[in-house]
Novice: 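There's a structure below that I have some questions on.
Computed from a predicted structure; not experimentally measured. Chain naming here is simple, since letters A, B, ... match the order of the sequence lines and numbering starts at 1 in each. Only this structure's heavy atoms are used, side chains among them; waters, hydrogens and symmetry mates stay out.
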There are 2 protein chains.
Amino acid sequence: MRREVTLRDVAELAGVSSRTVSNVVNGYANVTERTRVRVQRAVEELGYRPNVLARNLARGRSGQIALVVPYLDTPYFSELLQSVIRAARSRGYNVLIDQTDGDPEHERAFIAHGSRRLLFDGVVFSPLGLDQRALAGHDPNLPLVVLGERSSNGTFDHVGIDDVAASREATEHLLDLGRRRLAAIGDQPYATGEAAQLRTRGFREAHQARGLTVREDLIIGTPRFNRKDGARAMAHLLDRDDPPDAVFCYSDLVALGAIHTLVNRGLRVPEDVAVIGYDDIEDGAYSNPPVSTISPDKEMIATTAVDRLLLRITSPTPPPAVELRAPHKLVVRESTAGRVTPRAG
Amino acid sequence: MRREVTLRDVAELAGVSSRTVSNVVNGYANVTERTRVRVQRAVEELGYRPNVLARNLARGRSGQIALVVPYLDTPYFSELLQSVIRAARSRGYNVLIDQTDGDPEHERAFIAHGSRRLLFDGVVFSPLGLDQRALAGHDPNLPLVVLGERSSNGTFDHVGIDDVAASREATEHLLDLGRRRLAAIGDQPYATGEAAQLRTRGFREAHQARGLTVREDLIIGTPRFNRKDGARAMAHLLDRDDPPDAVFCYSDLVALGAIHTLVNRGLRVPEDVAVIGYDDIEDGAYSNPPVSTISPDKEMIATTAVDRLLLRITSPTPPPAVELRAPHKLVVRESTAGRVTPRAG
DNA sequence: ATGCTGTTTTGCAGCGCTGCAAAAGCGTAG
DNA sequence: CTACGCTTTTGCAGCGCTGCAAAACAGCAT
C-alpha cells in the first residue's frame, strides 16, 4: 500500500506551510485568494484527501453518531435508518448502527459506557427495553436524542409524533365508519410500554369524545409489535363470544398479523372486521388488502433528531432538553375503507 | 468534558511504561504474570478504555468496513445487514452503511475513491448499477468482497448462492405440482442484470431437463425486483389470452406484488396461479397466502463475506480471488402448496 | 566473574491532523 | 521613518496510540 498524500506533501508543492493548507482545506476565513488558488491547485494535482482519522483525533471528535434501534429488520426502523443516514451524511457525519434486540442491558451499556472512547460523538436512541428512570440516569456527557413516544422528563431531547392525537384520529376513523365494537391490539401496561400506553390513551379519548364506552376487555396486550403477536392477539379476539368489528393495531406489522389471522379464518377485511395500523411501512401499502395507517413523517423525525443531536454535540454549553414534535397523518386504504375500484396494480 | 483516562495514566499508576500497558491491553505475548496483573488492576481502577481513534491512526487502519447496498429498506438487505453487523462486530470491526440507490455513479465513486482515507479498510459490496467490466477496474488496493450473483471473473472475491441451481429447484417445484404454463418475472437481459439472467437460465434448465419447452413470451422483464414491478408484470401476464398457471418470481417482493394483482383480479393463489418467490424475507412468511421461496443462508453469506474481507485486509500478500458458495434451500408454503390446515396464527 | 542467549521492558518517533499563539506582512496614520 | 492595528501565515506541540529497535534483565554455561 503506497503512502497516501498528506497535508505536508501539498504544502511543499504549493510552497506554503502545512497549516495553511489545512486552513484552505477547511475553508477558514483569512486566506488570500492567491494562496487559496495555489493550494487548491496543488490539492488537485496530488489528489489529496484528508485523513479523517487524524483529523478527528486532533479535533477530539469522531465525526460519527450512533443510531441505536431495537431491530433493524423491522421495516419502520430500516426506513427511518435511511433518513437518518442521509441527514447525517449531508452534515458531514457518519452513522454507526447498533441493534439492541430490545435488551435493556445492551441498551444500558451503550448509554452508560458513553461514547466508547470517541467511536461516536452522540447517539440517536430508540429505546425499547429501558424505561424512563433508567434513561434519566444516562451519562450527561453523552449527547443523546431519544426517538419514540416517551416524554423526556426534561433530561434529554426527544423527537416523536403526537401519539395520543394520532391514535385518537385512527380510532375516530373507525368510529366514523359506523363500527362500534372496537378492539385495540398492542397495549403494554408496564414501565417500558409508554409508547403503547399513549396509543391506548388516544383510543380511550376518541371514545370519550363521542360519549362511547371503551370495551376494556377488547384492549389486548402484546409483548412486541410484530406480526406474530398481532396474529395471536387477533385469534384471541375471534375466539370470544362477540368479536370486534374493527381493530386498531399499534403497528402495521401487528395489523398485518391480525389480517393474516382474519383471512385464515375466512373473514373479510374490512367487511367483517376493519383494521387500521400505525407507522405506514411500505409493506402495508402492498398487502392484501392494503392497510390503513397512521403515517409519521419519518424524514422529518430523522432530520430533526440529527439536527438537534449535532447542535448538542457542537454547542459549548448544553442546550436545554426539549420535546420536538414531527407531523403525522391518517392514510386511509382498503383495510378500513374497502375496495374502491379494482386497479391494475 | 473531562479528560479521559489514557495509557499514560495507567502506566503511572502501575509503575510501568506506557508501552507495557499497551502490550497488556493488546494481549501481547511476552509479559510476566506479575506485571500483567499489576497493569490489569490499574486499568480497572481507572476505568481505562482504549481510544479507538488513536489506535487506528497509529496502526494505519480504521477498524471499520463498509457495507454498500442498493437499498436499505428492502427486507433482504436489512436482514442481511444485521448478520453482517453481527459478524463484523464479533471480529472487532464496525460497519458503515452506504445506500447507493443503485446509482452506478455513486457505486463507482465508492470503489474508485478507495478507502476514503481510512474511513474504512474494506468493502462488502452488493452492486446493482455497475456491471462486471466496471467492477473489474476497481482500485486493487481496496479490499473488496462482492455479494450477489455475478461471477468474479477472477478479479475479486465473490459470495453468493448457486443461483442457477436454486432457480432450477424453484421451477422444478412448480412443474412437480403439475403446472405447465410457467411464467418467470424478473428477467434483465442487459449487462447489469447478471443475477436475473442466472435465474432465467435455471428456469430454462428445469424445463429442458424434463423435455418441456419454455414459453419464451412468458418470461417478463422488470427493471427492479420490487412489489410495484411484480404487480405490473403480473397484470401484463393476466391480460394475455392464455395466462400462466404458475409464476416464478425473481424476488419475494416481486412475488408479493404479483399476488397483490392476482387477488385484486379475483384469482386464487395457488388454485388458479401458483407463485414462488426468492430470498425468503420475513414478509413472505406472513402474507396472505404465505409465499413459497428460495431461502439463501444469509447468516452464512454474511459471515463468509466478512471473514474473507478481513483475511484480505490483514493478509500481507493479497490472496487470490475466489468464488464462495453459500447454501440455499427450497421453502414450500401456501402460495404453491395450498392451504395445508387452518391454523390459529 | 564473564559471556551468551533469550525474555521482558522501555524510549522514541511518528501516524496526519488541528489548536494556539506568535510571527510576519501590510496598509495607514502620525 | 516609525508606530499601530489588522490580516495572513507559520511553528510548535500534542491528540493517544503503536512499530521499531535498543536496553535491561535473567538464566545458564563457561
Novice: Just how far, in rounded Å, is P of C/dC26 from CZ of A/Arg34?
Specialist: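 About 10 Å, once rounded to whole Å.
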Novice: Would you indicate what A/Thr32 reaches in the nucleic acid, counting non-hydrogen atoms under 4.0 angstrom: base, sugar-phosphate, or nothing?
Specialist: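 Sugar-phosphate, backbone atoms only, no base.
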Novice: Which whole-number value in Å describes the distance from A/Leu7 CG to C/dC15 C1'?
Specialist: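 For the pair A/Leu7 CG and C/dC15 C1', the rounded distance is 13 Å.
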Novice: Side chain of A/Ser22 only, heavy atoms from C-beta on: which candidate in C/dT18, C/dG11, D/dG16 is closest?
Specialist: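 Nearest nucleotide to the side chain: C/dT18.
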Novice: Working to the nearest 0.5 angstrom, can you tell me the gap between B/Arg49 CZ and A/Leu119 CG?
Specialist: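 Rounded to the nearest 0.5 Å, the CZ-CG separation comes to 9.0 Å.
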Novice: Answer yes or no: does a side-chain N or O of B/Asn30 lie under 4.0 Å from OP1 or OP2 of C/dT8?
Specialist: yes
Novice: Can you measure B/Glu12 atom CD to C/dT10 atom C1' for me and round it to whole angstrom units?
Specialist: 16 Å
Novice: All N/O contacts under 3.5 Å from nucleotides 19-25 of chain D to the protein, with atom names and distances to one decimal?
Specialist:
from: D/dG19; atom 1: OP2; to: B/Tyr28; atom 2: OH; distance (Å): 3.4
from: D/dG19; atom 1: N7; to: B/Arg19; atom 2: NE; distance (Å): 3.1
from: D/dG19; atom 1: N7; to: B/Arg19; atom 2: NH2; distance (Å): 2.8
from: D/dG19; atom 1: O6; to: B/Arg19; atom 2: NE; distance (Å): 3.0

Novice: By nearest nucleotide on DNA chain C, pick out whichever of A/Arg55 and B/Gly15 is the more 5' one.
Specialist: B/Gly15
Novice: Scan side-chain atoms only and decide if B/Gln82 and B/Glu299 contain a donor-acceptor pair under the 3.5 Å cut-off.
Specialist: no
Novice: Excluding sequence neighbours, so at least two apart, what forms side chain to side chain donor-acceptor pair (under 3.5 Å) with B/Glu33?
Specialist: B/Arg36
Novice: What is the nucleic acid contact for A/Asn23, judged by heavy atoms within less than 4.0 Å: base, sugar-phosphate only, or nothing?
Specialist: base
Novice: For the side chain of B/Thr35, starting at C-beta, report the closest nucleotide among C/dT9, D/dG16, D/dT18.
Specialist: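 Output: C/dT9.
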Novice: The side chain of A/Tyr48 lies closest to which of these nucleotides: C/dG16, C/dC17, D/dC17?
Specialist: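 Per side-chain heavy atoms of A/Tyr48, the pick is C/dC17.
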Novice: Counting side-chain heavy atoms from CB outward, which of C/dT7, C/dG16, D/dC17 is closest to A/Leu57?
Specialist: C/dG16
Novice: Let me know the distance between CG of A/Asn26 and C1' of C/dT18, rounded to the nearest Å.
Specialist: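 Nearest whole value for this atom pair: 8 Å.
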Novice: Please report the distance, rounded to the nearest Å, between CG in B/Leu53 and P in D/dG16.
Specialist: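 The distance from CG of B/Leu53 to P of D/dG16 comes to 10 Å, rounded to the nearest Å.
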Novice: Given axes from five pairs at either end, by how many degrees does the helix from C/dA1-D/dT30 to C/dG30-D/dC1 bend, rounded to 10°?
Specialist: 70°
Novice: According to side chain to side chain donor-acceptor pair (under 3.5 Å), who are the partners of B/Gln40, at least two apart in sequence or on a separate chain?
Specialist: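 Counting only residues at least two positions away or on another chain, B/Gln40 forms no side chain to side chain donor-acceptor pair (under 3.5 Å).
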Novice: Quick one: salt bridge (charged side-chain N to carboxylate O under 4.0 Å, His left out) pairs with a partner in residues 53-76 of chain A, sequence neighbours left out?
Specialist: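 The answer is A/Arg61-A/Asp121.
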Novice: Atom OG of B/Ser62 and atom CD1 of B/Ile313: how far apart are they, to the nearest 0.5 Å?
Specialist: 7.5 Å
Novice: Which whole-number value in Å describes the distance from B/Glu4 CD to D/dG16 P?
Specialist: 9 Å
Novice: Could you tell me whether A/Asn56 contacts a base, only the sugar-phosphate backbone, or nothing, with contacts defined as non-hydrogen atoms closer than 4.0 Å?
Specialist: nothing
Novice: Starting the side chain at C-beta, find the nucleotide from D/dC17, C/dC17, D/dG11 nearest to B/Asn51.
Specialist: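 Taking heavy atoms from C-beta onward, the closest nucleotide is D/dC17.
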Novice: Whole angstroms only, please: what is the CG-P distance between A/Asp9 and C/dC17?
Specialist: 9 Å
Novice: Look up atom NZ in A/Lys298 and atom OH in A/Tyr76, then write down how far apart they are to the nearest 0.5 Å.
Specialist: 7.0 Å
Novice: For B/Arg38, give me all partners under side chain to side chain donor-acceptor pair (under 3.5 Å), at least two apart in sequence or on another chain.
Specialist: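 Listed in chain order: nothing, the list is empty.
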Novice: Any side-chain N or O of B/Thr20 under 4.0 Å from OP1/OP2 of C/dT10?
Specialist: yes
Novice: Is it the case that the side chain of B/Thr6 and the backbone of B/Arg8 share a donor-acceptor pair, with hydrogens and angles ignored and the cut-off at 3.5 Å?
Specialist: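 Yes.
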Novice: Under the 3.5 angstrom rule, does the side chain of B/Glu107 hit a backbone N or O of B/Leu128 as a donor-acceptor pair?
Specialist: yes
Novice: What's the CG-P distance between B/Leu119 and C/dC15, to the nearest Å?
Specialist: 20 Å
